[in-house]
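Throughout, residue positions are numbered sequentially from 1 according to the sequence presented. Small disclaimer: the values here were computed from a predicted structure and weren't measured.
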Amino acid sequence: MTESGSRFLQYMAASTGNLNIIACGAILGWTSPILPKLSEDNPILPDNQLLRPITKNEGSWIGSFVPLGIMFGSLVSGNLGEWLGRKRGLLLSTFPLLLGWILVGTAKDVIQIYVGRFLLGIGSSVSFTLLPMYVGEISDASIRGALGSLLQLFITFGFLLSYSLGPYVSYTIFWIFCASLHVTFYLGFMLMPESPSFLMSKGRKTEAAEALAKFRGKSVDGVQKEIAQMQEEIDEAYRIETTWSDIFKNKVHRKAVILTSILMFFEEFTGIDVVLFYVEDIFRDAKTKNTAISAIIIGVVQLLGSVLTPLIVDRSGRKILLIISSIGSGITVGLLALFFYLREIKCDLTNFMWVPLTTLVIYTIAYGIGWGPLPWTIMGEIFAPGVKSKASSISVCVMWTCSFLLTKFFINVEESYGIYTGFWFFSACCAVSVVFLVIFPETKGKTLNEIQEKLAGRRNLDS
C-alpha cells in the first residue's frame with residue numbers, strides 16, 4: 001500500500017530556515033528608521049553614536065553596503081552550499097551576521113558602520129542563495145510554490161519589525177534585538193535535516209533516504225521510488241555539468257540562468273528596494289505628517305499581501321501572478337511619480353496629500369503577490385542539481401548588483417533630475433517586464449524533468 005505520509009516537517013523546516021530571513025529583512029529595513037536619526041541636525045544628538053549628522057551621500061552608502069555585500073557574497077555562497085551542504089552553510093552565516101551587528105552597534109565613525117553593513121550583506125547572501133535551494137529540494141511539487149513563497153512573507157515581517165521598533169527604541173536596543181534574531185534562527189534550524197538532494201549528490205544515499213523519509217513523514221521503504229528518481233536526476237545532471245563554464249555551454253542551463261537573472265533584474269527595477277530602504281525619506285519628501293506611522297502601514301500591508309501568495313501561488317501559477325504584479329506596481333509607482341512631478345511644478349496638491357500613502361500601499365500589495373516571492377520560488381525549481389548552487393549564485397548576484405546600483409545612485413538621480421524621474425523609470429520597467437513574462441515558461445506543478453524539457457524546446461512553454 002502507498003503510505004499517506006505527512007508534510008509537517010517540510011513546513012517546519014521551511015519556516016525555521018526563514019527565521020533568518022526575518023533577520024535579513026530587519027537588516028534591509030534598518031535604514032528607514034535609523035538614517036533619519038543619524039541625519040538629525042541636533043546639537044545634542046541623543047541617539048547618534050557618531051555625534052554628528054551624516055550627509056546624504058553617507059546615508060546612501062550606509063543603505064547600499066548591504067546589497068554590495070550580498071552581491072559579492074552570492075558569488076561564493078553557492079560553492080559554500082555545495083561544499084558544506086545547504087543546512088551547514090546556512091548555519092555558518094550566523095557568524096558574519098553577528099559580527100556585522102556588533103560593528104554597527106559599537107560604531108563611533110561612519111566607516112565602521114560601512115564595514116559592519118558589508119558583513120551583514122555577506123551573511124545575508126548565504127540565506128538568499130541557499131535557502132531557496134534548500135526549500136526547493138525538500139518540498140513536494142504540490143506545495144513547493146507555497147513553501148518557496150514563505151521567503152517573501154518572512155522578509156516582510158523583518159521589514160515591519162524595523163519600521164515598528166526602530167523609531168521608538170534606542171539605537172543600542174534596536175541592534176541588539178536584530179542580532180538576537182540570528183541566534184534564534186541558529187538554535188531552531190540546527191535541529192532540521194539536511195537536504196536529501198545534497199546528501200544524494202555526495203553519495204550518502206542512506207542518509208538521503210532517512211532525511212527524505214522524515215520530510216515526507218514516511219518510512220524509508222516508502223520513499224524509495226522518489227530516491228530512485230532523485231538519483232537518476234542527479235546522475236544525469238552531474239554527468240553533464242560540473243563547472244562554471246559548463247553552465248553556459250549547455251543550452252538548458254544557460255537558458256535557465258538567463259531567465260532567472262532577467263527575473264531578478266525586473267524584481268529590483270520595480271523599485272522595491274528604493275521604496276523599502278528609504279520609505280520614511282520618501283514620505284518626508286512628500287510632506288507626509290507622520291512618516292514613522294506611514295512606514296509602519298506600508299510594513300503591515302506588505303506583510304498581509306505576502307500572506308496571500310502562499311495560499312494562491314500553486315492554484316494560479318507563477319506567470320499570471322507576476323503579470324498582475326507588474327501591472328499593479330507599474331501603475332501605482334507611475335502615479336507616485338506624477339504626484340512628485342506636479343509638486344515640483346508648484347501645482348496645488350493640498351487635496352491630494354493622500355496620494356503617496358495610497359499609491360505605496362497598493363504598490364506594496366501588487367509587488368507582494370508576485371515579484372516579491374515568485375522569482376525565489378522559480379529559482380528553487382528551475383535549476384538541475386549539478387548546477388543549482390553555481391547558477392543560483394549568478395542569479396542572486398545579478399539581483400543584488402541591481403539593488404546596490406539603485407540604492408546607491410537613486411539619491412543622485414533625485415538630486416539631479418527630481419525624485420519623480422526615478423519613479424517614472426520604475427514604471428517603465430514594469431511595463432517592459434509584462435512583455436518578458438508573456439514568453440516566460442510556467443513552472444507550476446512541474447517536475448524538474450518537465451521544466452528542463454520546456455527549456456530545451458521539447459515541450460510547449462505553457463503545456
Side-chain angles (χ1 to χ4, degrees), residues 22-70 97-124 155-182 272-285 288 290-300 302 403-404 406-408 410-411 414:
I22 295 179
C24 292
I27 290 169
L28 297 170
W30 179 88
T31 51
S32 181
I34 295 301
L35 288 184
K37 291 184 178 182
L38 297 179
S39 303
E40 186 179 354
D41 190 10
N42 186 317
I44 301 177
L45 296 172
D47 202 26
N48 185 348
Q49 294 185 160
L50 303 180
L51 300 180
R52 67 168 180 85
I54 62 171
T55 66
K56 267 206 164 187
N57 185 57
E58 288 172 333
S60 69
W61 276 115
I62 290 173
S64 61
F65 259 108
V66 167
L68 187 65
I70 298 175
L97 288 165
L98 290 177
L99 178 58
W101 277 121
I102 291 171
L103 290 174
V104 168
T106 59
K108 299 300 181 183
D109 62 78
V110 73
I111 300 298
Q112 186 171 326
I113 295 182
Y114 292 165
V115 175
R117 293 280 291 172
F118 185 77
L119 283 175
L120 290 173
I122 293 289
S124 298
I155 198 171
T156 57
F157 186 62
F159 273 103
L160 180 58
L161 285 176
S162 281
Y163 296 163
S164 302
L165 294 178
Y168 305 110
V169 299
S170 70
Y171 185 98
T172 299
I173 290 176
F174 190 34
W175 82 259
I176 292 175
F177 170 80
C178 290
S180 70
L181 296 174
H182 302 293
I272 188 63
D273 279 351
V274 168
V275 170
L276 297 181
F277 284 29
Y278 305 126
V279 63
E280 283 202 46
D281 284 336
I282 292 171
F283 283 126
R284 189 173 289 104
D285 288 342
T288 302
N290 195 323
T291 59
I293 295 299
S294 296
I296 292 172
I297 292 172
I298 295 300
V300 170
Q302 187 187 26
S403 178
F404 165 71
L406 287 175
T407 53
K408 177 63 188 81
F410 180 81
I411 299 299
E414 177 186 353

Taking atom [atom1] of [X] and atom [atom2] of [Y], what is their separation to the nearest 0.5 Å?
| X | Y | atom1 | atom2 | answer |
| --- | --- | --- | --- | --- |
| L160 | I155 | CG | CD1 | 13.0 Å |
| F177 | S162 | CZ | OG | 8.5 Å |
| L165 | I296 | CG | CD1 | 8.5 Å |
| L68 | T407 | CG | OG1 | 9.0 Å |
| W30 | F174 | CH2 | CZ | 8.5 Å |
| T55 | L38 | OG1 | CG | 11.0 Å |

Requested in this report: Evaluate the criterion side chain to side chain contact (heavy atoms under 4.5 Å, CB included) for residue pair I62 and R117; output intermediate values, then yes/no.
Outcome: CA-CA 7 Å; I62 290 173; R117 293 280 291 172; 4.1 Å; yes

Shortest non-hydrogen contact between [X] and [Y], atoms and distance:
| X | Y | result |
| --- | --- | --- |
| D273 | S403 | OD2-OG, 2.5 Å |
| T288 | S294 | CG2-OG, 3.3 Å |
| G166 | K37 | O-NZ, 2.7 Å |
| V274 | I282 | O-CD1, 3.9 Å |
| F157 | I22 | CD2-CD1, 3.7 Å |
| T31 | L28 | OG1-O, 3.4 Å |

Query raised in the report: Run the side chain to side chain contact (heavy atoms under 4.5 Å, CB included) check on Q112 and T106 step by step: do they pass?
Result: CA-CA 8 Å; Q112 186 171 326; T106 59; 3.0 Å; yes

Would you mind reporting whether [Y] and [X] have side-chain heavy atoms less than 4.5 Å apart?
| X | Y | result |
| --- | --- | --- |
| I298 | F283 | yes |
| Q302 | L276 | yes |
| V279 | F159 | no |
| S60 | F410 | no |
| L97 | L120 | yes |

Query raised in the report: So S124 and I27, side chain to side chain contact (heavy atoms under 4.5 Å, CB included) or not? Walk me through it.
Result: CA-CA 9 Å; S124 298; I27 290 169; 3.6 Å; yes

Report task. Please confirm whether the backbone N or O of I34 pairs with a side-chain atom of Y171, one donor and one acceptor, at under 3.5 Å? Result ->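 Not at all, since once roles are kept as given, no pair shorter than 3.5 Å links the two residues.
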
Query raised in the report: Around Y114, counting heavy atoms of other residues, nucleotides and ligands shown, do more than 12 lie under 6.0 Å from its OH?
Result: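 Yes, OH of Y114 has more than 12 neighbouring heavy atoms, counting only those of other groups under 6.0 Å.
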
Query raised in the report: Where does the angle between the aromatic ring planes of F65 and F118 fall among parallel (under 30°), tilted (30 to 60°) and perpendicular (over 60°)?
Result: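 It falls in the perpendicular class, over 60°.
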
Query raised in the report: Mind checking whether F404 and W61 have parallel, tilted or perpendicular rings, split at 30° and 60°?
Result: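 Geometry flag for W61 against F404: tilted rings.
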
**Report entry** Stepwise side chain to side chain contact (heavy atoms under 4.5 Å, CB included) test for Y168 and I173
**Finding:** CA-CA 10 Å; Y168 305 110; I173 290 176; over 6 Å; no

